[in-house]
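Computed from a predicted structure; not experimentally measured. The chains referred to below are lettered A, B, ... by the order of the sequence lines, with proteins before strands, and numbering in each begins at 1. As a basis for the values below, the full set of heavy atoms in this structure was taken, side chains included, without hydrogen atoms, waters or symmetry mates.
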Number of protein chains: 2
Amino acid sequence: MAARQLTIIFLTRAEENYIKTIFHLGGNKSQLISTNAIAEQMETKPSSVTDMAKKLAEKKLVNYIRYQGISLTGAGIKTALSIIRKHRLWEVFLVKKLDFTWDEVHEVAEQLEHIKSEKLIDRIDALLDYPKYDPHGDPIPTKNGEFLVRDKQLLSELAIPSSGVCVGVKDTSAAFLKFLDKNQIALGHEITVMEKEVFDDSLKIKIGERVLQISNQIATNLYVKTES
Amino acid sequence: MAARQLTIIFLTRAEENYIKTIFHLGGNKSQLISTNAIAEQMETKPSSVTDMAKKLAEKKLVNYIRYQGISLTGAGIKTALSIIRKHRLWEVFLVKKLDFTWDEVHEVAEQLEHIKSEKLIDRIDALLDYPKYDPHGDPIPTKNGEFLVRDKQLLSELAIPSSGVCVGVKDTSAAFLKFLDKNQIALGHEITVMEKEVFDDSLKIKIGERVLQISNQIATNLYVKTES
DNA sequence: ACATATTTTTAGATTTGTCTAAATTTTTAT
DNA sequence: ATAAAAATTTAGACAAATCTAAAAATATGT
């Protein structure tokens with residue numbers, strides 16, 4: 001058994017942010033991501049992305065083909081998962097231990113995810129009793145980079161009538177999350193879809209004893225898990 | 001009542017580290033600190049300190065007189081206290097909640113102290129039940145920048161025989177802290193000085209039922225508080 | 001007091017990460 | 001197929017934070 005990685009390569013904050021963004025844009029599945037797409041996501045310029053692509057390619061973290069695009073190497077994927085793991089564990093910590101609301105966690109977790117200490121994140125993981133999902137329902141990669149993908153569907157895709165348990169959100173903007181808080185819709189709640197309005201695709205749903213009418217835009221941003 | 005500070009000025013990590021170092025070197029009491037002293041402490045070059053001194057003077061955080069030295073302004077002291085507060089609260093968190101040993105906390109706290117979120121540090125403070133001292137016995141500034149200075153003296157300065165409670169360490173190196181752990185000397189322990197060896201100034205001390213012989217170097221790095 | 005040593009600053013260079021503007025390559029539309 | 005549009009890269013510049021080497025100011029010793 002050869003050691004997997006003898007030298008822990010140091011990455012700057014900027015490098016880590018690029019790796020993370022490429023992962024989120026799908027650069028793991030050997031799919032090539034355009035510099036434009038990365039630039040837009042990161043609110044920077046395509047020329048800056050090109051510069052960084054060369055740098056990360058040097059470090060064997062990405063595959064970069066000029067004019068074609070960028071994808072993550074195995075090492076790049078491992079790095080991305082480690083950053084995402086930290087981000088999501090910190091989010092759980094903020095919500096469970098410090099009573100942050102789920103719309104407040106992202107900004108702070110963006111900073112905390114760059115703290116370099118394996119012991120720290122492992123102890124946080126233990127303190128939280130090894131959570132599998134973050135406050136938005138997204139899976140937390142394990143220390144070994146395993147990633148539980150939960151099967152789930154959009155509330156808008158449910159048969160009518162039927163029901164499921166809320167397990168995540170697609171849109172994680174503060175505006176959407178605050179809307180959910182205000183309407184007492186949270187992870188774990190059982191949601192029953194009663195009727196769909198043909199005119200605007202809005203849904204009449206039931207949560208516990210409460211009946212509410214939600215727009216299609218809401219329904220296409222809430223994930224539920226059904227019995228299967 | 002005018003607002004104390006309307007604009008939260010953004011400081012880079014480097015700027016924060018300079019402010020903190022100047023504070024620790026005594027640059028609060030309108031004492032001028034030399035660029036050489038700062039450079040040595042920060043393991044950088046005096047010319048780099050000069051550059052930063054100009055930059056911080058621009059931002060009204062330090063008073064800088066060419067060829068004379070650098071001291072903190074009121075705003076600079078406030079900034080320093082805020083960083084030290086964060087550092088020490090994170091140290092307490094690491095020890096109390098994540099079972100770090102006191103020689104492990106410094107390096108991680110150096111990173112965590114730069115996280116920008118007032119809500120985060122206030123919630124950590126509350127989670128820890130508003131501690132007054134960090135794991136090395138150093139006082140934690142309050143949110144308003146108040147600083148409890150505890151009267152304490154070095155173990156080596158105690159009359160013989162007499163006793164005091166261990167309240168802090170002067171040297172915070174990993175080597176010294178590990179030594180203390182190994183010999184089960186910790187904050188809160190009552191230490192009785194029994195005899196001083198005239199030859200090498202080593203001390204015979206008693207902690208609980210244990211009697212041990214400690215060198216002068218140890219005795220000059222342990223703080224105790226006596227009845228007074 | 002004055003020569004020498006020390007400290008501090010200046011000037012110019014380097015690295016990282018970014019930008020703009022121009023050049024190049026790829027894609028799209030007719 | 002080829003001209004126009006879109007995407008991407010290159011070249012050159014900039015700010016932040018650092019460095020080295022040289023110049024300037026201050027401190028020290030006899």
Counterpart residues, side chain to side chain donor-acceptor pair (under 3.5 Å), relative to [X] (two or more places apart):
X        : value
A/Ser71  : A/Asn63
A/Gln111 : none
A/Lys143 : A/Glu118, A/Asp122

Expressed in angstrom and rounded to an integer, what is the separation of [X] atom [atom1] from [N] atom [atom2]?
X       : N      : atom1 : atom2 : value
A/Phe10 : C/dT16 : CZ    : C1'   : 12 Å
A/Ile65 : D/dT8  : CD1   : P     : 13 Å
A/Ile70 : D/dT8  : CD1   : C1'   : 10 Å
B/Leu56 : D/dT18 : CG    : C1'   : 15 Å

Q.
Run A/Leu148 and A/Arg150 through side-chain contact (heavy atoms from CB on, under 4.5 Å) and show every step you take.
A. CA-CA 6 Å; A/Leu148 294 178; A/Arg150 173 154 56 180; over 6 Å; no
Q. Under 4.0 Å between a side-chain N or O of A/Lys54 and OP1 or OP2 of D/dT9?
A.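 For D/dT9, OP1/OP2 do not have a side-chain N/O of A/Lys54 under 4.0 Å.
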(Q) Is there a side-chain contact between B/Arg66 and the phosphate of C/dT10, meaning an N or O under 4.0 Å from OP1 or OP2? (A)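 Looking at the OP1 and OP2 atoms of C/dT10, one of them is under 4.0 Å from a side-chain N or O of B/Arg66.
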Q. Can you list every pair that meets side chain to side chain donor-acceptor pair (under 3.5 Å) and has a residue in residues 123-132 of chain B, with sequence neighbours left out?
A.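 Output for this query lists B/Arg85-B/Asp125.
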I'd like a list of close polar pairs between nucleotides 1-7 of chain D and the protein, N/O only, cut-off under 3.5 Å.
none

Would you mind writing out the side-chain donor-acceptor pairs for residues 11-24 of chain A within the sub-3.5 Å range, not counting sequence neighbours?
{"residue": "A/Thr12", "atom": "OG1", "partner": "A/Glu15", "partner atom": "N", "Å": "3.1"}
{"residue": "A/Thr12", "atom": "OG1", "partner": "A/Glu15", "partner atom": "OE1", "Å": "3.4"}
{"residue": "A/Glu15", "atom": "OE1", "partner": "A/Thr12", "partner atom": "N", "Å": "2.8"}
{"residue": "A/Glu15", "atom": "OE1", "partner": "A/Lys59", "partner atom": "NZ", "Å": "3.4"}
{"residue": "A/Glu15", "atom": "OE2", "partner": "A/Lys55", "partner atom": "NZ", "Å": "3.3"}
{"residue": "A/Glu15", "atom": "OE2", "partner": "A/Lys59", "partner atom": "NZ", "Å": "3.0"}
{"residue": "A/Glu16", "atom": "OE1", "partner": "A/His114", "partner atom": "ND1", "Å": "2.6"}
{"residue": "A/Glu16", "atom": "OE2", "partner": "A/Lys116", "partner atom": "NZ", "Å": "3.2"}
{"residue": "A/Asn17", "atom": "OD1", "partner": "A/His114", "partner atom": "NE2", "Å": "3.1"}
{"residue": "A/Asn17", "atom": "ND2", "partner": "A/Arg13", "partner atom": "O", "Å": "3.4"}
{"residue": "A/Lys20", "atom": "NZ", "partner": "A/Glu110", "partner atom": "OE1", "Å": "3.4"}
{"residue": "A/Lys20", "atom": "NZ", "partner": "A/Glu110", "partner atom": "OE2", "Å": "2.8"}
{"residue": "A/Lys20", "atom": "NZ", "partner": "A/Glu113", "partner atom": "OE1", "Å": "3.4"}
{"residue": "A/Lys20", "atom": "NZ", "partner": "A/Glu113", "partner atom": "OE2", "Å": "2.7"}
{"residue": "A/Thr21", "atom": "OG1", "partner": "A/Asn17", "partner atom": "O", "Å": "2.9"}
{"residue": "A/His24", "atom": "ND1", "partner": "A/Lys20", "partner atom": "O", "Å": "3.3"}

Per-pair distances, 0.1 Å, donor-acceptor, side chain in residues 168-175 of chain A, under 3.5 Å, sequence neighbours excluded:
{"residue": "A/Asp171", "atom": "OD1", "partner": "A/Ser173", "partner atom": "N", "Å": "2.7"}
{"residue": "A/Asp171", "atom": "OD1", "partner": "A/Ser173", "partner atom": "OG", "Å": "3.0"}
{"residue": "A/Asp171", "atom": "OD2", "partner": "A/Ser173", "partner atom": "OG", "Å": "3.3"}
{"residue": "A/Ser173", "atom": "OG", "partner": "A/Phe176", "partner atom": "N", "Å": "3.3"}

Q) Mind checking what makes side-chain contact (heavy atoms from CB on, under 4.5 Å) contact with B/Leu120, not counting sequence neighbours? A)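 With neighbours one apart ignored, the set is A/Leu94, A/Leu98, A/Phe100, A/Val108, A/Leu112, B/Trp90, B/Ile115, B/Ser117, B/Ile124.
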With the criterion being N/O to N/O and under 3.5 Å, what pairs connect the protein with nucleotides 18-20 of chain C, and how long is each?
{"residue": "C/dT18", "atom": "OP2", "partner": "A/Tyr18", "partner atom": "OH", "Å": "3.4"}
{"residue": "C/dC19", "atom": "OP2", "partner": "A/Thr44", "partner atom": "OG1", "Å": "2.6"}
{"residue": "C/dC19", "atom": "OP2", "partner": "A/Lys45", "partner atom": "N", "Å": "3.2"}
{"residue": "C/dC19", "atom": "OP2", "partner": "A/Ser48", "partner atom": "OG", "Å": "2.5"}
{"residue": "C/dT20", "atom": "O4", "partner": "A/Ser47", "partner atom": "OG", "Å": "3.2"}

